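Take a look at the structure below.
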Amino acid sequence: MLKITFLSHSCFLLSDGNFNLIIDPFITGNPTSPINKDDVKVEFIALTHAHGDHLGDAVELSKKTDATIICVNELGVFLDEIGVKNHKMHIGGGYNFPFGRLKFTIAHHGSSTPDGRYMGEPAGVVINMGGKTIYHTGDTGLFLDMKLIGELNKIDCMMLPIGDNFTMGIDDAVIAVDFVNPELAIPMHYSTFEVINADPDEFLTKCKMIKKHAKVMQFGETIEL
Ligand code: NI
Ligand code: MN
């Protein structure tokens with residue numbers, strides 16, 4: 001059993017009943033966040049990259065709850081400098097955590113802290129938890145190797161950006177769903193700010209045209225896989 005809660009933008013909370021993992025906890029300063037950062041109780045935080053809308057409240061959450069931040073090496077070295085507990089990994093590598101396995105995948109994007117420091121490569125994550133497999137692409141453009149991710153993993157749920165401008169827009173995201181062939185696709189990274197406004201129902205309609213199952217999660221909604 002895996003419960004997935006969409007906290008808007010690229011932030012998802014995963015829970016198998018024993019462990020709680022939050023991905024890209026952008027809560028404070030996120031105009032669409034349905035929660036307050038004080039509501040978050042997690043043991044693990046996964047970061048796809050260091051941009052402010054993904055790093056978000058991770059540092060404070062980790063310090064407050066003693067959660068381990070899982071991230072690529074360069075970002076982990078930065079976290080060491082500021083005394084934040086982390087587990088460093090890199091693209092192509094997986095590790096068996098208490099909650100399950102997490103593997104970093106490529107993403108075509110950038111990664112720097114809000115003050116401009118280079119933070120290594122951006123990434124996506126494939127997570128096995130609660131008997132399910134999810135693929136959160138992170139911020140990325142469309143890339144053909146997504147086909148390989150779909151071939152190597154039976155993805156139960158794929159979370160992918162549709163907001164355009166910084167990432168895939170709707171049409172490229174629909175192709176990404178075709179490449180990965182997940183049981184369920186959930187759009188993210190849209191309508192948080194005006195520049196990434198997008199209509200998730202258009203994504204749904206276009207997925208339906210290629211016979212792929214997608215769902216628009218409301219901000220704060222929880223589903224169980
Ligand atoms: Ni970004
Ligand atoms: Mn972003």
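The first residue of the sequence shown is numbered 1, and numbering continues consecutively from there. Just so you know, ligand 1 is whichever comes first in the structure, and atom 1 is the first atom listed for that ligand. All of these numbers come straight from a predicted model, not from anything done at the bench.
For residues 91-102, the side-chain hydrogen bond (donor to acceptor under 3.5 Å, both in side chains) pairs, not counting sequence neighbours, are Asn96-Arg101.
The distance from the CG atom of Asp199 to the CD1 atom of Ile170 is 6.0 Å, given to the nearest 0.5 Å.
Ion pairing of Lys64 with Asp38 is present here, as a side-chain N (NZ or NE/NH1/NH2) and a carboxylate O approach within less than 4.0 Å. Ion pairing between Lys154 and Asp156 holds under the 4.0 Å rule for side-chain N and carboxylate O. One finds no salt bridge joining Lys132 and Asp16 here, because no Lys/Arg side-chain nitrogen approaches an Asp/Glu carboxylate oxygen to under 4.0 Å.
Closest of all the heavy-atom pairs between Leu47 and Pro25 is CD2-CD, 3.7 Å.
Counting only distances under 2.8 Å, and ignoring water, the protein N, O or S atoms around the Ni ion (ligand 1) are His49 NE2, His51 ND1, His109 NE2, Asp139 OD2.
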Would you tabulate the side-chain donor-acceptor contacts of residues 218-225 under 3.5 Å, counting partners in other chains and residues two or more places apart, or write 'none'?
| unit_1 | atom_1 | unit_2 | atom_2 | d |
| --- | --- | --- | --- | --- |
| Glu221 | OE1 | Gln218 | N | 2.8 |
| Glu221 | OE2 | Lys215 | NZ | 3.1 |
| Thr222 | OG1 | Thr5 | OG1 | 2.7 |

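Between His9 and His189, the ring-plane angle classifies as tilted under the 30° and 60° cut-offs. Between Phe12 and Phe6, the angle of the ring planes stays under 30°, which puts this pair in the parallel group of the 30/60° scheme.
Excluding waters, the count of protein N/O/S atoms less than 2.8 Å from the Mn ion (ligand 2) comes to 4.
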